[in-house]
Amino acid sequence: MTLRIHNTLTGGKQEFVPLREGEVSLYVCGVTVYDDIHLGHARSIVVFDMVSRYLRQLGYDVTHVTNFTDVDDKIINRANEEGVDPLELSARYIDRYFEETDSLKVRRADAYPKASESMEAIIEMVEAIIDNGYGYATDEGNVYFSIAKVEDYGRLTNQRLEDMSGAREVMQDPQKRDPKDFAVWKAAKPGEVAWDSPWGRGRPGWHIECSAMIRSHMGDLIDIHGGGNDLIFPHHENEILQTEAVTGGTLARYWMHNGMLQLQDEKMSKSLGNFLRVSDLLREHDAQTLRFFLLNTHYRGPLVYTEGSLEEARSSLRRLWNTWRELQAYRRSAAGADDAAAPLERARAEFRQHMDDDFNSRAAISALFELARELNRMMADGSMSAAGAEAALELMGEFDEVFAILPDEGDGGELDAVVGLLADVRQELRRRRMFDLSDMIRDRLKEAGIQLEDQGEGVKWKRI
RNA sequence: GCCGGGGUAACAUAGAGGCCAUGUGGCGGACUGCAGAUCCGCAGACGGGAGUUCAAAUCUCCCUCCCGGCCCCA
């Protein structure tokens with residue numbers, strides 16, 4: 001079995017062969033830090049978290065880099081509104097980014113370069129673009145990338161230049177040689193954050209930071225470049241051009257793009273409903289539920305969020321949690337002889353097969369559910385051995401290295417002892433058929449967020 | 001206008017020529033003082049129309065609807 005990846009460049013799935021055996025370089029476009037991240041950002045972040053986790057599970061030594069765009073019009077505008085320094089504003093949102101992605105159980109990337117800290121590499125790159133005849137500076141201190149020498153502009157989008165909309169003819173810098181030329185360095189307007197450069201004070205253009213950061217952090221050619229599919233054009237297209245103008249070679253071998261999150265029948269409404277902050281969602285839902293929702297569909301397809309989406313995700317996920325917790329209890333009292341090897345092997349193979357097929361997490365999760373059903377059955381009839389339960393937990397844990405959707409460990413401790421005591425008292429009351437009291441204990445515990453469940457001879461409890 | 005991604009049972013998603021889809025929800029049963037969990041079973045589907053084929057949700061063509069990209073955006 002080999003990993004196959006859908007490559008936007010070719011429009012189809014290809015076998016994944018890394019540049020250097022056993023190593024993968026993965027660059028994912030990050031966010032512009034002028035506000036909190038929303039569920040759409042979370043989708044991209046969680047998807048590529050899953051990708052890098054799976055690559056690691058396959059044994060690759062993964063170098064995962066994600067950038068922060070901290071120099072940008074929107075940041076400057078927002079900072080002006082608030083009367084703070086732009087870099088101070090972006091630093092604040094970078095902190096928040098980490099708080100939220102940590103909460104989402106996203107593994108930290110290996111590096112998070114910022115535009116503001118990559119000026120040397122950016123300026124060097126702009127110079128090289130000019131030296132190689134792909135760029136020109138204007139009197140005003142702007143530097144544009146000239147598409148005149150580019151033969152296949154639009155290759156990532158499979159579009160021809162002529163077909164693209166001409167809506168941009170407005171508000172053009174008259175010094176541009178072609179309307180499609182794009183800025184790699186922008187002269188600073190009075191009062192803007194700016195850096196010294198050979199062309200005067202200014203700041204980087206829209207796309208140059210990624211090209212420069214990739215080059216300085218990961219080299220001229222990387223394995224996988226990822227991002228949302230809204231970045232394909234022009235951002236990634238232009239990244240490619242810039243890098244090729246400098247290195248003479250390709251930028252990335254595989255381009256992966258996640259689909260957009262859609263909100264049901266909500267247009268551009270300014271109402272809060274249109275902007276689902278991860279921080280808000282995390283108040284109502286646990287990280288696992290959000291991750292499950294985001295991973296329970298193929299990463300390339302669209303994902304529609306509606307009112308009950310997360311509740312449904314939660315219900316589904318509880319099924320898995322239940323099996324997981326049952327297994328923990330079962331292994332201590334297991335009496336059966338079956339080591340569950342057959343279902344475990346089947347699940348392992350299916351998981352692998354689906355993940356190898358362009359990271360089809362949805363299908364892999366289906367396999368997980370099938371496994372859960374078989375394990376539940378074996379526990380219900382007591383046929384599973386302790387070793388089987390142990391192996392099942394291990395396998396589920398293995399899947400969870402990629403998804404991170406199972407419960408946090410460590411319910412236990414003192415709480416365990418106290419709840420256990422209450423459960424014992426209740427059992428005794430039930431034996432004496434004093435159901436009013438036994439129900440009271442159960443109800444009050446439920447109010448406190450703990451659910452008791454009667455099993456044949458014992459009682460289980462869990463947080464709800 | 002051009003380029004993509006979609007339209008699968010009540011809902012959410014897989015699947016990409018024949019073989020058991022998965023979950024939520026619903027119904028019936030087992031278990032049960034009740035509730036919950038779990039198990040067993042049931043119902044229910046491939047946007048529309050042509051075509052290819054012994055066989056199409058899956059291939060071809062046409063139509064239609066939704067979403068995204070073409071200034072910024074994960």
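Computation of the quantities below employed the complete heavy-atom set of this structure, encompassing side-chain atoms and omitting hydrogens, waters and symmetry-equivalent molecules. In what follows, chains are A, B, ... by sequence order, proteins preceding strands, each numbered from 1.
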side-chain contact (heavy atoms from CB on, under 4.5 Å) partners of A:S309, counting only residues at least two apart: A:F293, A:Y305, A:T306

Interatomic distance where CG belongs to A:D443 and C1' belongs to B:G36 [whole Å]: 12 Å

Pairwise 5' ranking along RNA chain B for A:G301 and A:E374, keeping only the more 5' one: A:G301

Atom C1', compared across B:U24 and B:A30: separation rounded to whole Å: 22 Å

Might you list the N or O atoms of the protein lying below 3.5 Å from N or O atoms in nucleotides 72-74 of chain B, with each pair's distance?
{"from": "B:C72", "atom 1": "O2'", "to": "A:K74", "atom 2": "NZ", "distance (Å)": "2.9"}
{"from": "B:A74", "atom 1": "OP1", "to": "A:H41", "atom 2": "NE2", "distance (Å)": "2.9"}
{"from": "B:A74", "atom 1": "O5'", "to": "A:H41", "atom 2": "NE2", "distance (Å)": "3.4"}
{"from": "B:A74", "atom 1": "O2'", "to": "A:S44", "atom 2": "OG", "distance (Å)": "3.4"}
{"from": "B:A74", "atom 1": "O2'", "to": "A:G228", "atom 2": "N", "distance (Å)": "2.2"}
{"from": "B:A74", "atom 1": "N1", "to": "A:L261", "atom 2": "N", "distance (Å)": "3.1"}
{"from": "B:A74", "atom 1": "N3", "to": "A:G40", "atom 2": "O", "distance (Å)": "2.9"}

Whole-Å distance separating the CZ atom of A:R433 from the P atom of B:U32: 12 Å

B:A50 versus B:G69 - spacing of their P atoms, nearest Å: 36 Å

side-chain hydrogen bond (donor to acceptor under 3.5 Å, both in side chains) involving A:E370 - partner list, sequence neighbours excluded: none

Minimum-distance nucleotide (side-chain atoms of A:P302 versus B:G5, B:A14, B:C39): B:G5

Nearest-nucleotide comparison on RNA chain B, the residue closer to the 5′ end among A:S438 and A:L320: A:S438

Whole-Å P distance, B:C61 and B:U52: 15 Å

RNA chain B stem ranges, 3 or more consecutive Watson-Crick or G-U pairs under 3.5 angstrom: B:1-7 with B:64-70, B:10-13 with B:21-24, B:26-30 with B:38-42, B:47-51 with B:59-63

Side-chain donor/acceptor of A:R442 to base of B:A35, under 3.5 Å: yes

Stepwise salt bridge (charged side-chain N to carboxylate O under 4.0 Å, His left out) check, A:K74 with A:D35: CA-CA 10 Å; A:K74 275 183 271 195; A:D35 208 332; over 6 Å; no

Euclidean distance, atom CG of residue A:L437 to atom C1' of B:C34 [Å, nearest integer]: 15 Å

Spacing of the P atoms in B:A57 and B:G48 (rounded, Å): 11 Å

Name every donor-acceptor pair, under 3.5 Å, that has one atom in a side chain of residues 436-444 of chain A and the other anywhere in the protein, sequence neighbours excluded.
{"from": "A:S438", "atom 1": "OG", "to": "A:F435", "atom 2": "O", "distance (Å)": "3.1"}
{"from": "A:D439", "atom 1": "OD1", "to": "A:R442", "atom 2": "NH2", "distance (Å)": "3.4"}

Distance, C1' atom - from B:C65 to B:A55, rounded to whole angstrom: 30 Å

Any A:T297 side-chain nitrogen or oxygen under 4.0 Å from OP1 or OP2 of B:A14: yes

Side chain to side chain contact (heavy atoms under 4.5 Å, CB included) between A:F359 and A:H6, intermediate numbers included: CA-CA 9 Å; A:F359 305 95; A:H6 178 95; over 6 Å; no

Euclidean distance, atom CZ of residue A:F293 to atom P of B:A14 [Å, nearest integer]: 12 Å

Spacing of the C1' atoms in B:C54 and B:G47 (rounded, Å): 28 Å

Length of the NZ-P vector between A:K446 and B:G36, whole Å: 8 Å

Results of salt bridge (Lys or Arg N to Asp or Glu O under 4.0 Å) for A:D280 - residues two or more places apart only: A:R283

Interatomic distance where CG belongs to A:D358 and P belongs to B:A14 [whole Å]: 12 Å

With A:H354 via ring pair (Phe, Tyr, Trp, His ring centres under 6.0 Å) - residues at least two apart: none

Residues that A:F16 engages under ring pair (Phe, Tyr, Trp, His ring centres under 6.0 Å), provided they are two or more places apart: A:Y60, A:Y254

Mutual orientation of the aromatic rings belonging to A:W255 and A:H257 [parallel < 30°, tilted 30-60°, perpendicular > 60°]: parallel

SB check A:R377 A:D381 (cutoff 4.0 Å): no

Contact state string [nucleotides 22-30 of chain B, B base, S sugar-phosphate only, - no protein heavy atom under 4.0 Å]: BBS------

All salt bridge (Lys or Arg N to Asp or Glu O under 4.0 Å) counterparts of A:R430, not counting sequence neighbours: A:D454

Spacing between A:F403 atom CZ and B:U13 atom P, to the nearest angstrom: 17 Å

Distance, rounded to the nearest Å, where A:H298 contributes NE2 and B:A12 contributes C1': 17 Å

Interatomic distance at P, B:A10 relative to B:G29, whole Å: 23 Å

Side-chain N or O of A:N376 closer than 4.0 Å to phosphate OP1/OP2 of B:C39: yes

A:R108: salt bridge (Lys or Arg N to Asp or Glu O under 4.0 Å) partners, not counting sequence neighbours: A:D102

Identify each donor-acceptor pair in which a side-chain atom of residues 226-234 of chain A lies under 3.5 Å from a protein atom, sequence neighbours left out, and give them as a table.
none

Integer angstrom distance from the P of B:U8 to that of B:U32: 42 Å

